[in-house]
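Values below: all heavy atoms of this structure, side chains included; hydrogens, waters and symmetry mates excluded.
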Amino acid sequence: MPDILPSSGPRQTIVIVAGRREEAACGVWDYSVLLAEALRRTGAEVRLVNARDWSLRGFLALARSLRGEKARILIQYPSSAFEKRLLPYFLPFALLPHRTAVTIHEFSYKRLPAKILTCLPMAFAGSVVFTSPVEAAAARHSPRRRREVAVIPIGSNIPAVAAREKAIDLVYFGIIRENGRLESFLEVLERLPRGSVRAAILGSVAAGSGAYAKAIEARAAAVGATLRLEADAEEVAELLSASKVALLPYDDGISSRRGTALAAMA
């Protein structure tokens with residue numbers, strides 16, 4: 001395992017650096033929160049830093065703050081607050097000689113330019129973490145040494161609850177963004193007699209998708225579908241447990257990197 005997890009001995013401090021734009025949905029941020037909670041249960045002291053200012057001034061201030069830490073630093077790549085900026089990828093270099101670790105999310109799904117960019121933090125980090133063995137294998141040609149690589153799987157922040165009466169026939173569950181999947185779901189419902197299928201839509205709204213979510217709200221009301229956006233974890237668990245079938249909009253099928261699949265199965 002990389003040198004980021006607390007070992008036996010004195011209480012250790014870990015700083016997890018991620019970024020979340022205001023209250024926008026971000027799976028990497030959710031992963032970071034769950035990881036922080038899991039590490040705290042091992043006895044570590046963990047602080048989660050929401051790095052949202054990636055201007056040059058913000059970058060230098062963050063680097064200066066982290067260089068003063070007597071802690072292990074784990075940086076998450078990418079997250080919603082990066083906003084396609086380059087500076088976040090140079091953070092491990094700016095922290096040298098501090099030994100940092102980086103977690104790389106969804107490396108296998110990146111296009112070649114993004115993969116090359118992601119190699120920057122891997123080149124200067126002391127340890128590299130992936131979220132599945134498949135992701136680690138996809139990065140086998142990246143600049144990291146095998147002994148410094150570990151896999152820390154994603155989890156789900158949706159609790160498992162006992163079975164409920166199936167009041168919902170079909171539930172759509174996922175991030176609400178304009179990608180054609182939710183539109184297809186609604187198009188099918190629009191072709192059916194109103195009320196013939198008890199349908200629901202659950203999800204969090206992606207950054208910049210507020211207007212799209214409003215349009216979806218109107219269409220869901222027109223077909224009689226229950227719409228619950230930004231519901232808390234307990235309500236999501238109750239609704240999933242009350243559903244017969246969950247539609248999970250993945251182009252690549254279910255895998256261990258899908259938190260919504262873990263939640264639905266639980």
If hydrophobic clusters are built by linking Ile, Leu, Val, Met, Phe, Trp and Tyr wherever their side-chain heavy atoms come under 4.5 Å apart, do [X] and [Y] end up in the same one?
| X | Y | answer |
| --- | --- | --- |
| Ile116 | Phe93 | no |
| Met265 | Val161 | no |
| Leu34 | Phe173 | no |
| Val49 | Phe90 | yes |
| Val17 | Val28 | no |

Is there a side-chain contact between [X] and [Y] (heavy atoms, below 4.5 Å)?
| X | Y | answer |
| --- | --- | --- |
| Asp53 | Leu62 | no |
| Leu182 | Ile176 | yes |
| Thr131 | Ile152 | no |
| Pro78 | Lys84 | no |
| Leu91 | Leu66 | yes |
| Ile73 | Leu95 | yes |
| Leu117 | Leu86 | yes |
| Arg219 | Glu187 | yes |

Set out, in order, the CA-CA distance, both residues' side-chain angles and the distance that settles side chain to side chain contact (heavy atoms under 4.5 Å, CB included) for Val188 and Arg191, then state yes or no.
CA-CA 5 Å; Val188 170; Arg191 295 178 185 180; 5.8 Å; no

Determine yes or no for a side-chain-to-main-chain donor-acceptor pair under 3.5 angstrom, with [X] supplying the side chain and [Y] the backbone.
| X | Y | answer |
| --- | --- | --- |
| Lys244 | Ala167 | no |
| His105 | Tyr31 | no |
| Arg198 | Lys166 | yes |
| Ser241 | Glu238 | no |
| Ser209 | Arg177 | no |
| Arg20 | Ala18 | no |
| Arg67 | Ala94 | yes |
| Gln76 | Ile104 | no |

Rounded at 0.5 Å granularity, tell me how far [atom1] in [X] sits from [atom2] in [Y].
| X | Y | atom1 | atom2 | value |
| --- | --- | --- | --- | --- |
| Leu39 | Ile16 | CG | CD1 | 5.5 Å |
| Ser55 | Leu60 | OG | CG | 8.5 Å |
| Leu170 | Leu189 | CG | CG | 7.0 Å |
| Leu239 | Glu234 | CG | CD | 12.0 Å |
| Glu37 | Leu48 | CD | CG | 9.5 Å |
| Ser127 | Glu148 | OG | CD | 5.5 Å |

Apply side chain to side chain contact (heavy atoms under 4.5 Å, CB included) to the pair Val102 and Phe124, showing each step before the final yes or no.
CA-CA 9 Å; Val102 298; Phe124 294 105; over 6 Å; no

Steps toward salt bridge (Lys or Arg N to Asp or Glu O under 4.0 Å) verdict (Arg40, Glu45)
CA-CA 6 Å; Arg40 289 184 185 116; Glu45 178 182 341; over 6 Å; no

Nearest heavy atoms of [X] and [Y], plus distance in Å:
| X | Y | result |
| --- | --- | --- |
| Trp54 | Leu87 | O-CD1, 3.5 Å |
| Glu190 | Val223 | CG-CG1, 3.4 Å |
| Asp169 | Ser196 | OD2-O, 4.4 Å |
| Thr260 | Gly174 | CG2-CA, 4.5 Å |
| Thr100 | Pro92 | OG1-CB, 3.8 Å |
| Val46 | Ala36 | CG1-CB, 3.7 Å |

Distance-only donor-acceptor check, side chains Glu135 and Ser108, under 3.5 Å
yes

Establish, from distance only, whether the side-chain atoms of Glu106 and Tyr77 form a donor-acceptor pair under 3.5 Å.
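Tyr77 and Glu106 do not have a side-chain donor-acceptor pair below 3.5 Å.
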
Tell me, with the steps shown, if Glu69 and Arg47 meet salt bridge (Lys or Arg N to Asp or Glu O under 4.0 Å).
CA-CA 11 Å; Glu69 293 281 357; Arg47 287 187 289 108; 2.6 Å; yes

Leu74 vs Val15, test: side chain to side chain contact (heavy atoms under 4.5 Å, CB included). Steps then yes/no.
CA-CA 6 Å; Leu74 173 59; Val15 176; over 6 Å; no

Students often mix this up, so state it plainly: with edges at 30° and 60°, are the rings of Tyr89 and Phe82 parallel, tilted or perpendicular?
perpendicular

Test Glu183 against Tyr212 for side chain to side chain donor-acceptor pair (under 3.5 Å), laying out the working first.
CA-CA 11 Å; Glu183 293 93 320; Tyr212 173 73; 2.9 Å; yes

Should Leu248 and Tyr172 be marked as a side chain to side chain contact (heavy atoms under 4.5 Å, CB included) after you check the CA-CA gap, both sets of side-chain angles, and the distance that decides it?
CA-CA 6 Å; Leu248 307 172; Tyr172 179 101; over 6 Å; no

